[in-house]
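This chain uses plain numbering: 1 for the first residue, then up along the sequence. Note that ligands are numbered from 1 as they come in the structure, with each ligand's atoms numbered from 1 the same way.
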Amino acid sequence: MDHNNNASNQNISNNKIEYKHNVPSEKGFVFKFVKKDNNFIHTFSEGSFLKKLGLSSSSFVGKPLSDFFSGDQLNAAFYCYETAWNGNIISFEGSTNGFSYLTTLTPITINSQVVEVIGTVFEITEFRKNALKIQELEKLSLIGELAAGVAHEIRNPLTSITGFAQLIEELSNDETINIYLEVMLTELNRINTIVNEFMFISKPKENMDTRDTDIKVLISHVIKFMSPQATLRGVRLSESISSNSTLIAHCDPNQIIQVLMNLVQNAIEATTDPAQEIVISLKNTNKNSLLIEVTDKGSGISKERLKRLFEPFYTTKEKGTGLGLMMCRRIIENHNGTIKINSQLGEGTTVRITLPKSFNHQKQD
Ligand SMILES: Nc1ncnc2c1ncn2[C@@H]1O[C@H](COP(=O)(O)OP(=O)(O)OP(=O)(O)O)[C@@H](O)[C@H]1O
Ligand SMILES: [Mg+2]
């Protein structure tokens, strides 16, 4: 082994130390290059990410830039390498074989002369994917805004059509016309519900009217309000409060009432056996949050259907709009809570909601 070789071995092991300090394992690689005869030649490489890109040290070191890129990509890479060789730090993004990466080229200068350039390559595949997801979400929220705008525009003509239909119904003695009008009014009512729910779903979080709310009182209110409807179907509605102390959440009480009413409505609609009971329970789970459960012993939901419940317009009911659960989730998420559904086909369903306790009441058990 000659002296030069030793020196370059020494260099490589130094480079390894440098590499280990700078690039986390698996997530990147370090390389070096020099300019020779108007070509950029790689002189060193180290790091597992190189393998992921389908390269190895031996296929990289000693090879010119033109072995790795062609066409426009080669021109772009050549420009970046040239910029670094002229003494500037430069970063650029690329992607190969489905992996995205960010490369930074740093020139090493001795006596004002660039002697080599160190390149660090970081894998950013996940980051790029997440950025795409965020873009998708932004698109969705834009669609939501558009839908809310359209819904708002529909509401005004809808009000006059409904008004005139009611007027004609009052004035007309023709039974056939009255039957048609009744169908019209039922359908108009349905459009009205959809439009209102749609506008509500798209309503931004800032419109929430939040205050410290005793959830026990709120549940009693829902029981009182929904009991007549349950009784009509022969179903009993009851509450089960398993905490002695008052459980307070900082929430918009009207919105939480709306969520519980939707869930109880679903439970009533799923219960065909009048002997069964629907229970709203309140539990003190931990110091930060409380748990509300709505349990029925109704039809239950199959595994395939469970996945689709929160989709807009997903319904199995002839007169359902399929917006109820979506709206519930929207409200609960706006309150920084969670909503989950457990169900067994033929046995029943439990919807579990967690809500953060009010900050001022978190010490209560
Ligand atoms: N407690 C439940 N038991 C059985 N199935 C349920 C229950 N809750 C919801 N589902 C199923 O989930 C679907 C979606 O419910 P969601 O409340 O979103 O809409 P919907 O009740 O059909 O219509 P609406 O918009 O009028 O509420 C229902 O059509 C039903 O198939
Ligand atoms: Mg519903």
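Distance from atom 14 (C) of ligand 1 to its nearest protein heavy atom, with residue and atom name: Tyr314 O, 3.3 Å. Protein heavy atom nearest atom 31 (O) of ligand 1, with residue, atom name and distance: Thr316 OG1, 2.4 Å. Looking at atom 23 (O) of ligand 1, its nearest protein heavy atom turns out to be Gly322 N, 3.1 Å. Distance from atom 21 (O) of ligand 1 to its nearest protein heavy atom, with residue and atom name: Lys317 NZ, 2.6 Å. Looking only at heavy atoms of the protein, atom 1 (N) of ligand 1 is closest to Asp296 OD2, 2.9 Å.
Taking distance alone, with nitrogen or oxygen atoms compared against 3.5 Å, Asn266 approaches ligand 1 more closely than that limit. In terms of polar-atom proximity, Ala270 is not counted as a contact of ligand 1, lacking any N or O under 3.5 Å from an N or O of the ligand. Checking only distances, Gly324 does come within under 3.5 Å of ligand 1, N or O to N or O. For ligand 1, the polar-atom distance check finds no N/O of Met326 at less than 3.5 Å from any of the ligand's N/O atoms. An N or O contact shorter than 3.5 Å is missing between Gly300 and ligand 1 by distance.
Between the side chain of Ser57 and the backbone N or O of Ser45, at least one donor-acceptor pair lies under 3.5 Å. No donor-acceptor pair closer than 3.5 Å links the side chain of Thr213 to the backbone N or O of His250. Side-chain N or O atoms of Asn192 include none that pairs as donor or acceptor with a backbone N or O of Leu188 at under 3.5 Å.
Residues Thr125 and Glu123 have side chains that bring a donor and an acceptor to within less than 3.5 angstrom of each other. A side-chain donor from one of Ser343 and Thr349 sits under 3.5 Å from a side-chain acceptor of the other.
Counting non-hydrogen atoms of neighbouring residues, nucleotides and ligands closer than 6.0 angstrom, the OH atom of Tyr180 reaches no more than 12 such neighbours. A 6.0 Å sphere centred on CG of Asn75 holds more than 12 heavy atoms belonging to other residues, nucleotides or ligands.
Close contacts of ligand 1 with Leu325, meaning ligand atoms under 4.0 Å from a residue heavy atom, involve 9 (C), 15 (O), 16 (P), 17 (O), 18 (O). Each of the following atoms of ligand 1 lies closer than 4.0 Å to a heavy atom of Leu309: 11 (C), 12 (O). For ligand 1 and Thr315, the ligand atoms under 4.0 Å from any heavy atom of the residue are 20 (P), 22 (O), 29 (O). Ligand 1 places these atoms under 4.0 Å from at least one heavy atom of Gly320: 23 (O), 26 (O).
For the pair Asp296 and Thr271, the tightest heavy-atom approach, listed with the atom from each and the gap, is CB-OG1, 4.0 Å.
Residue contacts with ligand 1 for Thr321 involve both N, CA, C or O and side-chain atoms from C-beta outward (heavy atoms, distance under 4.0 Å). The part of Ile301 lying near ligand 1 is the side chain, judged by heavy-atom distances below 4.0 Å. Proximity of Ser299 to ligand 1, defined as any heavy-atom pair under 4.0 Å, is confined to the side chain (atoms from C-beta onward). Under 4.0 angstrom from ligand 1, there are no non-hydrogen atoms of Ile341.
Remark: Glu269 does not engage Arg233 in a salt bridge, criterion side-chain N to carboxylate O under 4.0 Å.
Taking the centre and axis of the six-membered ring of Phe310, the NZ or CZ atom of Arg329 falls inside the cone set by 45° and 6.0 Å.
The Mg ion (ligand 2) has an N, O or S atom of Asn266 inside 2.8 Å of it.
Classified by interplanar angle (parallel below 30°, tilted 30° to 60°, perpendicular above 60°), the ring pair Phe29/Phe49 is tilted. Between Phe60 and Phe68, the ring-plane angle classifies as tilted under the 30° and 60° cut-offs.
Not a single heavy atom of Gly298 sits under 4.0 Å from any atom of ligand 1.
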